[in-house]
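Just so you know, ligand 1 is whichever comes first in the structure, and atom 1 is the first atom listed for that ligand. For the numbers below, each heavy atom of this structure counts, side chains included, while hydrogens, waters and symmetry mates do not.
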Amino acid sequence: SGSHGHIAHADATASDGGHALSEVVPKKKKLVLLGTGWAGMSFLKNLNNPTYEVEIVSPRNFFVFTPLLPSVTCGKVEARSIAEPIRNIIIKKNVDISFSEAECVKIDPQNKKIYCRATIDSHSKGEEEFAVDYDYLIIAVGAQVNTFNTPGVMENCHFLKEIDDAQKIRKNVIESFEKASLPSLSDEERKKILHFVIVGGGPTGVEFAAELHDFVNEDVVKLYPKVKDLVKITLLEATDHILNMFDKRITNFAENKFGRDGIDVKLGSMVTGINENEISTKARGNGKTSSTPYGMVLWSTGIGPRPLIKEFMKQIGQGNRRALATDEWLRVEGFDNIYALGDCATINQRKVMEDIAEIFRKADKDNSGTLTVKEFQETLDDICERYPQVELYLKNKQKRNIVDLVKEAKGDAAKQSMELNIEEFKAALSEVDSQMKNLPATAQVANQQGAYLAKCFNRMEECEKNPEGPPRFRGTGHHRFHPFRYRHLGQFAPLGGEQTAAELPGDWVSIGHSSQWLWYSVYASKQVSWRTRALVVSDWLRRFIFGRDTSG
Ligand code: FAD
Ligand code: MG
Ligand code: MG
Ligand code: MG
Ligand code: MG
C-alpha cells in the first residue's frame, strides 16, 4: 500500500499544482493489450499490478498451445486439449481485466486510441465497431502466413496457424483416404488424391510430414489396406536443406530418416504456382520446371506482417519492414507508451560502434583517457547486458578473454602497456556487431517477452520513484529497466516414429526415443493450465492404447 499512496500523491500534485488531495483514489491507468497468443498470454499470466485497468482486444477468446498444433492434424491430440479460454486466465487475477472479442483495425497513436471491429457472429446486427482509449498499448497480434504472392496458394492450400486450420487438415486427410477408397476410381485418380505435398521444410512442415507418415504407417495400413501403397508424401524446400535453423547433425538425421521413411524430400525446389489439380515447381540449380498432380497441399513457408501492422508501420514511418521495430525495452521506436512483442515485432539491437565513445567514457572511471584491463573488465558485464552481441562474440571465440582482446587490439605494443586509448578500444570491439542476430519468431521468444514486459509493468511505480534506474549503460536517453534479454532454452524437432531431435543450450544435440520422452515431458510441463495438461496427457495415452480417432 506504500507505493499506492505514493502514486495517489504524485497524481494529485501533478493535476492540482501541489495542493495535496492524497485521499482521492487515483484514476487507474488504462492498459490495452492486443492479442491472446503466446506473448499476450504470458503478459497476462505474469501481470499482478492492480493499479492498472486492463482491456484485452483479440478475435480469439482462447490461447492456443501452438507447438502441439501439428499433433492435432492427424488426431494424436484433440483440438480442445490445446486451447485455454482466456477468461479462465483472467478470472484468477487480482487485476481489473476485461476482454472484447474483436480485432483492432487501426491504431491512432496521436489520440491514444484504437479502432476495433467485433468478430462475433451475429445474426441480428452487422459488424459492430468501437473505439478504445489507452494510456499504454501493448501490441501482440502475431503474424500471418506468407504466400510470397505465389499464384493459387490462397485458394488451393491448407495452412497450419490456428486450431481451425488443424481441424480442417485432419478432416481433409481422413476424407482423402475415404475418397480414395471409393470403388469407382482408377489407380491414377487414387494416387492423385493420396499425394500429400508439404511446401516448406521448417519445423512445422517437417513435423506435419512426420505426423502424416506415422498416421499412414500406424493406422492407415490397418484401416485402409487397399490404398495404403498409393500414398505419397512430398516435401518441397527452396533452400539446400530442411530444418536449416537447427544444428547440422539434426538436419542430416532428419533428411536421412525421411529418406528411409519414403518421404520424398525435394531440396532447392521453388513453388511457382498451384492450380486445382497441379503444383508447379522450378529447380533452383538448373531452372527446370515441372508440374505434379496433388490431392492436398500444406503451405508452410514462413510468416509476414498482418495488415494492421503494415498499415501502422506506414503511419509511423517504419515503411516496408517485415515486423514492427522496437528498442530493447520492447517500446515501438519513437513512442513511450506503445510496446510490441512476439511475432509482430523485432528488436532493433543497438550497435556497439554507434555508442563506442560513450561506452569508453563510462568505462574510463578515472577520466585518464585510457582504459586499463581492469577498467575494461569491470564494465564488461554492463556492456554485455546492453549489447548482447559482445557476449556472443566472446563465447564464439571461446579461448578469448579480455586480455587477449586487448593484446590483439594493441598488436606488438601490448608488452609495453596494457592500457587502451579510444582507437585501440574501437579496434578491440570492431567485430562484435557482426554477431547481431534477430531473435527467431518462436513461442519461446514471445513467452519470455510477455513475462519481461509484465515484470516491467509490475514494477512501474517503484521505477518512477527512481527514474534513473540501475547505473548501467543506457545508450542514448535514460531507461528505467534492464533491456530485454532472450535466454535460448533449446528447441525440438519431432521427426515421427516416436523420435525427436533436441537441440539444447551448450551445443547439446540429442536425437531419438529418449528425446521424444523429453519432448513429452517438456510440452506437458509447459501447458498453461492443469486442465490442458491433463487433456493433452490423456490424449497421448489414449493414442498409445487405442490409436488415433479417424472419424472425420
Ligand atoms: P500468436 O501466438 O500468433 O498470437 C497472436 C494473437 O493476436 C492471437 O490471439 C490472434 O487472434 C490475435 N490477433 C490477430 N490479429 C489481431 C488484431 N488485428 N487485433 C487484435 N488481436 C489480433 N514456437 C516455438 O517456440 N516452439 C514450437 O514448437 C513452435 N511450434 C509451432 C507450430 C506451429 C504449427 C505454429 C503455427 C507455430 C509454432 N511456433 C513454435 C511459433 C509460435 O507459435 C509463435 O512464435 C508464437 O505464437 C508467437 O506469439 P505471438 O503472441 O506473437 O502471436
Ligand atoms: Mg499474443
Ligand atoms: Mg499462440
Ligand atoms: Mg519477434
Ligand atoms: Mg582510465
Side-chain angles (χ1 to χ4, degrees), residues 32-44 55-73 77 82-84 86 99-107 114-119 132 137-146 158-166 169 198 200 202-208 211 245-246 298-303 305-312 323-324 330 340-346 439-451 453 486 488-494 500-503 519 522-523 526 528:
V32 173
L33 166 67
L34 304 181
T36 48
W38 273 100
M41 183 279 301
S42 165
F43 177 81
L44 285 172
E55 178 159 352
I56 309 165
V57 174
S58 175
R60 212 172 68 191
N61 72 353
F62 53 88
F63 163 76
V64 180
F65 192 86
T66 51
L68 289 180
L69 265 180
S71 303
V72 174
T73 59
V77 169
I82 65 166
E84 179 71 7
I86 214 71
F99 174 81
S100 302
E101 190 168 299
E103 63 176 342
C104 171
V105 290
K106 191 177 162 53
I107 299 164
I114 59 161
Y115 294 89
C116 307
R117 189 185 300 134
T119 48
V132 180
L137 178 64
I138 298 174
I139 307 174
V141 297
Q144 64 180 24
V145 294
N146 195 349
H158 282 265
F159 304 99
L160 184 49
K161 208 56 189 106
E162 299 289 336
I163 288 236
D164 286 354
D165 300 333
I169 291 173
I198 294 128
T204 300
V206 165
E207 192 176 347
F208 176 67
E211 283 287 338
M245 66 291 292
F246 280 82
L298 174 71
W299 185 269
S300 169
T301 59
I303 54 172
R306 292 188 187 279
L308 171 74
I309 298 298
K310 265 193 224 163
E311 187 54 43
F312 185 52
L324 202 47
L330 310 185
L341 60 165
D343 285 2
C344 68
T346 174
L439 295 178
T442 61
Q444 210 178 121
V445 171
N447 192 42
Q448 290 181 23
Q449 289 182 331
L453 196 58
Y486 172 59
H488 186 61
L489 302 175
Q491 51 190 351
F492 289 109
T500 283
E503 189 177 330
W519 182 88
V522 168
Y523 282 180
K526 292 273 179 215
V528 279

If we only count heavy atoms from C-beta on, is the [X] to [Y] side-chain gap below 4.5 Å?
X	Y	answer
V64	I82	yes
Q449	L439	yes
P307	Q144	yes

Contacting atoms of ligand 1, where contact means under 4.0 angstrom from a heavy atom of [X]:
X	result
A446	48 (C), 49 (O)
D343	44 (C), 45 (O), 46 (C), 48 (C), 52 (O)
G342	52 (O)
G37	1 (P), 2 (O), 4 (O), 6 (C), 8 (C), 9 (O), 51 (O)
R306	14 (C), 15 (N)
R60	8 (C), 9 (O), 11 (O)

### Task
Compute the shortest N/O to N/O distance between C344 and ligand 1 and return yes if it is under 3.5 Å, no if not.
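So ligand 1 has no N or O lying under 3.5 Å from an N or O of C344.
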Looking only at atom types and distance, does a side-chain atom of [X] sit under 3.5 Å from a main-chain N or O of [Y], one as donor and one as acceptor?
X	Y	result
W299	G200	no
T36	R60	yes
S42	A451	yes

### Query
For C116, which of L34, V32, V132, V105 qualifies under side chain to side chain contact (heavy atoms under 4.5 Å, CB included)?
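The residue from L34, V32, V132, V105 that satisfies side chain to side chain contact (heavy atoms under 4.5 Å, CB included) with C116 turns out to be V132.
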Within reach of ligand 1, part of [X] (heavy-atom separation under 4.0 Å):
X	value
T36	both
A441	backbone
V57	backbone
E207	neither

So between [options], whose heavy atom ends up nearest [atom]?
atom	options	value
atom 27 (C) of ligand 1	P67, P307, A443, G450	P67
atom 16 (C) of ligand 1	V522, V141, I107	V141
atom 36 (C) of ligand 1	T66, L34, T204, L160	L160
atom 3 (O) of ligand 1	G35, A140, G142	G142

### Query
Relative to the ring of F63, is the ring of F65 parallel (under 30°), tilted (30 to 60°) or perpendicular (over 60°)?
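Correct class here is perpendicular.
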### Message
Please evaluate residues Q444 and Y486 with respect to the criterion side-chain hydrogen bond (donor to acceptor under 3.5 Å, both in side chains), reporting the C-alpha separation (whole Å), side-chain torsions for both, the decisive distance (0.1 Å), and the verdict.
### Response
CA-CA 9 Å; Q444 210 178 121; Y486 172 59; 3.1 Å; yes
### Message
Would L341 and I138 count as a side-chain contact (heavy atoms from CB on, under 4.5 Å) here? Give the steps.
### Response
CA-CA 8 Å; L341 60 165; I138 298 174; 3.5 Å; yes
